[in-house]
Amino acid sequence: MTEQPIYIITGESISNTMQNSLYYGDNLEVLRRYIDDESVDLIYLDPPFNSNATYNVLFKEQTGQSSPAQINAFTDTWEWTQETERAYEQDIILNPTVAPAVKDMVSAFRDFVGRNAMMAYIVMMTPRLVELHRVLKSTGSIYLHCDPTASHYLKTVMDTVFGKERFLSEIIWKRTSAHASSRRPGAVHDTILLYSKSDTHTWNLQYQPYDESYLKTFFEMQDEDGRRWKRTDLTGAGVTQRGESGREWRGINVTSRGRHWAYTPDELDRLDAEGRIHWPNRPGGMPRLKQYADEMPGVMLQDIWTDIRPIHNLSQERLGYPTQKPEALLERIIRASSNAGDVVLDPFCGCGTAVAVAERLNRKWIGIDITHLAVALMKHRLNTRFGISQGEDYSVIGEPVDVGSAHALAEQDRYQFEFWALSLLGARPQQYDHRGADQGIDGVLHFINGPRRSTRRAIIQVKSGKVSVTHIRDLVGTVERENAAMGLFITLENPTRAMTSEAISAGFYHSELWQRDYPKIQIRTVQDLLSGNEFEMPPNPGMYQDSQRTQRDTGRQGGLEDIREPFGVGAESSEELIA
């Protein structure tokens with residue numbers, strides 16, 4: 001398993017603040033230190049699947065199109081290492097909070113599965129599921145989203161942690177249309193394991209739209225306008241001696257058949273005038289009520305979901321983040337297993353779909369992720385979608401708030417420090433291999449200039465260690481080599497006088513569009529940026545895709561209008577969704 005650093009996190013537990021919160025850091029550490037016992041109503045998690053895939057975050061260009069430049073978000077590859085062995089011992093076997101049955105289960109798994117990638121994945125997931133069981137309320141539920149690669153192993157872990165009697169459902173979500181394979185059946189589904197904490201778990205009845213085969217079978221009749229309907233009884237069992245429902249209507253006496261009308265004669269006249277009653281052609285046939293399919297709520301929710309399509313390439317939801325799930329999927333889950341005001345937790349929240357849907361449906365929420373790329377994208381999503389911002393409407397815990405905590409982050413992981421520093425500008429990280437050279441470019445910002453409104457670039461360098469005038473000279477050379485308009489230098493340490501002088505000697509960049517000169521090379525410390533002393537440059541849009549603006553839920557139920565689109569439009573496979 002890839003070694004992950006332990007991040008410094010400051011702040012109060014969620015139950016004390018009762019404020020929506022994003023946590024940056026290892027979710028195991030966050031859960032243990034900051035989330036109280038039985039404080040969460042619903043958990044949804046979509047952890048990495050052990051699929052040996054490298055996922056990239058895509059950023060938009062000035063035109064709004066996806067950029068060919070990408071940055072690795074995470075590598076979903078696992079292996080048994082010395083760190084994994086240490087986690088196996090400390091987080092599971094020697095951990096007094098882990099139940100003996102869980103320790104026995106993991107130990108047996110290690111003997112059976114062996115010390116390999118899958119066992120490393122199990123070691124990663126088990127202590128986290130133990131903590132999620134702890135923070136879940138007795139009325140709560142947990143949805144674990146996985147794929148067939150690991151679902152059978154995870155189900156055994158869930159059976160042991162939550163109890164096999166708490167297993168509620170194995171939901172099959174058809175995530176893509178037909179997927180051709182010459183050697184096996186096409187892989188088109190994910191698995192979602194649903195468990196509860198107790199018998200008194202929250203469950204709000206949900207409905208799925210009728211599929212075409214169901215409509216043809218049960219709503220076999222059609223009006224001239226194409227509306228499908230089925231015939232249903234206008235009478236009820238038993239004879240009513242009193243009241244209008246026992247009277248004769250249109251010459252038909254149903255009491256002689258041991259029944260009564262389900263409607264009063266006046267109501268029957270109204271239904272008939274509206275064309276809602278079907279009269280049979282044969283003499284003596286009973287009239288029947290026309291029940292239209294489009295007026296029915298649908299089929300009560302089943303464990304196979306084929307009506308929620310994935311996010312296709314042109315979807316307004318699409319943010320360019322790997323493994324992003326459609327909001328309709330999370331809406332169904334959150335509506336079914338929580339109520340307004342409940343707390344929803346996503347410990348692997350990525351670009352924050354569960355958080356965004358929880359916000360829209362008037363739930364409280366907690367999101368946790370280990371990369372600043374994800375945290376920055378979630379903040380942008382919440383702002384563009386709902387107009388809410390950090391500090392006023394929710395807290396971000398684990399991000400540097402001063403130079404001291406910025407130093408701590410840089411010491412633990414300089415790449416995460418770079419991502420965080422670039423997020424202060426809304427800049428796009430530059431793609432490079434962590435084992436190779438970055439060619440003097442850590443990030444870029446685009447802006448528009450000139451009579452033809454062409455796109456220009458500002459090159460960004462981020463330094464967390466000792467800096468000197470050589471770094472500024474290198475930046476000048478990089479700007480010239482890349483034919484960039486400007487160079488921006490972010491440093492933790494204060495620049496020397498020679499650095500400032502070298503930057504000034506680079507001169508100015510003239511913006512024809514804005515009729516203004518901007519220093520061609522600029523230096524800002526982290527303290528400058530945290531204090532609001534920003535770089536001088538032409539207006540520029542952020543590099544993240546904007547979310548479609550929306551309002552919070554007004555109380556409607558079901559959400560079917562969000563998922564009635566025909567399945568299979570757009571991307572044909574999960575690979576296309578992140579390509």
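Summarising the geometry of Glu327 relative to Ala356, their closest heavy-atom pair is OE2-CB, 4.3 Å, with the distance given to 0.1 Å.
With respect to the salt-bridge test (charged N to carboxylate O, under 4.0 angstrom), the residues Arg128 and Asp91 do not qualify. With respect to the salt-bridge test (charged N to carboxylate O, under 4.0 angstrom), the residues Asp442 and Arg414 do not qualify. Electrostatic pairing of Arg86 and Glu83 counts as a salt bridge here, judged by a charged N lying under 4.0 Å from a carboxylate O. Under 4.0 Å is where a charged nitrogen must lie from a carboxylate oxygen, and between Arg524 and Glu534 no such pair does. Note on Arg363 versus Glu359: no salt bridge recorded, every NZ/NE/NH1/NH2 to OD/OE distance being 4.0 Å or above. In this structure, Arg134 pairs ionically with Glu131, as a charged nitrogen and a carboxylate oxygen lie closer than 4.0 Å.
Proximity of His407 to Glu493: side-chain heavy atoms (C-beta onward) are separated by under 4.5 Å at one or more points. For the pair Lys520 and Val479, the minimum side-chain heavy-atom distance is below 4.5 Å. Two residues are said to be in side-chain contact when any heavy atoms from C-beta on lie closer than 4.5 Å; Lys174 and Arg309 fail this criterion.
With sequence neighbours left out, Tyr394 forms a ring pair (Phe, Tyr, Trp, His ring centres under 6.0 Å) with Trp365. For His189, the side-chain contact (heavy atoms from CB on, under 4.5 Å) partners at least two apart in sequence or on another chain are Pro148, Ile172, Thr191.
A ring-centre distance under 6.0 Å is not found for Phe447 and Tyr518.
Residue Lys364 holds its NZ atom at 11.0 Å from OG of Ser21, rounded to the nearest 0.5 Å.
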